[in-house]
2 protein chains.
Amino acid sequence: MTRDSLIRALEAAESHCTERGEKLTPVRRRVLELVLEADAPVKAYDLLEALKPGPGAAKPPTVYRALDFLMAAGLVHKVEALNAFVGCSHAHDDGGAELFICSDCGSVEERHGAPDPVNMPDGFVIERSVVEHFGHCANCRH
Amino acid sequence: MTRDSLIRALEAAESHCTERGEKLTPVRRRVLELVLEADAPVKAYDLLEALKPGPGAAKPPTVYRALDFLMAAGLVHKVEALNAFVGCSHAHDDGGAELFICSDCGSVEERHGAPDPVNMPDGFVIERSVVEHFGHCANCRH
DNA sequence: TTGCGAGTGGTGATATTATAACATCCTTGA
DNA sequence: TCAAGGATGTTATAATATCACCACTCGCAA
């Protein structure tokens, strides 16, 4: 992600939060920045390390609270199968995204609005879906 | 799961392993039994507890090794979003299953053969998919 | 001004999930 | 017999996540 698009994403996040009546505080903003800067899913404890240059080192709850907030705001998604987090430059309040994760380079593509499953148990009502596809992106397939 | 179908599932698992040139050892068999008996996803450390009545208590690696084996054999699936495991009475060697998990009663339904995503990034090749739907089953929707 | 209450974050401890590293034992087949 | 591989036991520790409690700030209303 370029410097410019990072700045734009952070501004967009800022107004997205404001619209929701919430605050993108410095800690939250910094965590979002770190997640967006990464070009692959980031581990919570790597964020912790990254926040640590200084005497007032961040502790786990700080990071997890920030991530919870960002996930609720739709600014970050958790990759459940990796216990890692990816940023999302285009915030959206709808439920879950469909993620395509390249096992070679770690890049993640996000898609939305997948149709309901064709073969659902009778009467089942979906509330939240986790959809993560692992494989190889066009660049890494050579 | 009834006593009868449990026994049938274990026998099926036995021959499934034999066909693959692998052994369903006592530990593995016991773990599969515990997972199948449960009517909801089971945590690894709950299995550990369940294996513990006796002086030679099982240690974490024992359980995780058994689970790894069973997953490789397609007899057990991991619910990534719960860090829990579900049994699978009809072993199948194809990749991942599509899981429907009721958040109320914990029951899990499994489906196979979902079509490829409609909106995939250009050139992406899927190797493994994690698909987990959380919601409410027909029984719990009242 | 004062005092409440909600929201946020700091801190220490601890719970939960998973693996590393190495030893032991058992089967199988040369 | 003995070496090799697979399975398991054992100790320790890594990695992930949450709890419980306190302190600070801000807005707001008495």
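Below, read A as the first sequence line, B as the second, and so on, with proteins coming before strands; counting in each chain starts at 1.
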If the condition is side chain to side chain donor-acceptor pair (under 3.5 Å), which residues does A:S107 pass it with, not counting sequence neighbours?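 Scan of A:S107 (side chain to side chain donor-acceptor pair (under 3.5 Å), adjacent residues dropped) gives none.
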Take atom [atom1] of [X] and atom [atom2] of [N], then tell me their distance rounded to the nearest Å.
| X | N | atom1 | atom2 | answer |
| --- | --- | --- | --- | --- |
| A:R30 | C:dT8 | CZ | C1' | 19 Å |
| B:L48 | D:dT11 | CG | P | 14 Å |
| B:R29 | D:dA7 | CZ | P | 17 Å |
| A:D46 | D:dA14 | CG | C1' | 13 Å |
| B:L82 | D:dT16 | CG | C1' | 15 Å |
| A:L47 | D:dA17 | CG | C1' | 14 Å |
| A:M71 | D:dA17 | CE | C1' | 11 Å |
| B:F85 | C:dT16 | CZ | C1' | 13 Å |

Distances under 3.5 Å only, N/O to N/O: pair up the protein atoms with those of nucleotides 19-28 of chain C.
none

Are the charged groups of B:R8 and B:E11 less than 4.0 angstrom apart, N to O?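 Here B:R8 does not pair with B:E11 in a salt bridge, since their nearest N and O are not under 4.0 Å apart.
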Most 5' of A:F69 and A:K59 on DNA chain C, judged by nearest nucleotide: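 Residue closer to the 5' terminus by nearest nucleotide: A:F69.
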Go nucleotide by nucleotide along DNA chain C from the 5' end; which of A:E22 and B:A44 gets its closest nucleotide reached first?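 This one resolves to A:E22.
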Which pairs pass side chain to side chain donor-acceptor pair (under 3.5 Å) with one or both residues in residues 25-40 of chain B, sequence neighbours excluded?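 Pairs touching residues 25-40 of chain B that pass the test: B:E14-B:R29.
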Can you check whether [X] has a side-chain N or O nearer than 4.0 Å to OP1 or OP2 of [N]?
| X | N | answer |
| --- | --- | --- |
| B:T25 | D:dT8 | yes |
| A:N83 | D:dA17 | yes |
| A:K43 | D:dA14 | no |

Would you call the rings of B:H77 and B:H112 parallel, tilted or perpendicular if under 30° counts as parallel and over 60° as perpendicular?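 Correct class here is tilted.
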For A:R111, check side-chain contact (heavy atoms from CB on, under 4.5 Å) against everything at least two apart and list the hits.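 A:R111 satisfies side-chain contact (heavy atoms from CB on, under 4.5 Å) with A:E98, A:F100, A:E109, B:N119, B:P121 once adjacent residues are dropped.
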Tell me the salt bridge (charged side-chain N to carboxylate O under 4.0 Å, His left out) pairs involving residues 69-81 of chain B, sequence neighbours left out?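 Checked against salt bridge (charged side-chain N to carboxylate O under 4.0 Å, His left out) - neighbours excluded - the pairs reaching residues 69-81 of chain B are B:E80-B:R128.
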Which Ile, Leu, Val, Met, Phe, Trp or Tyr residues join B:V118 in one cluster when any pair of side-chain heavy atoms under 4.5 Å counts as a link?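 Noted: B:V118 shares its cluster with no other residue.
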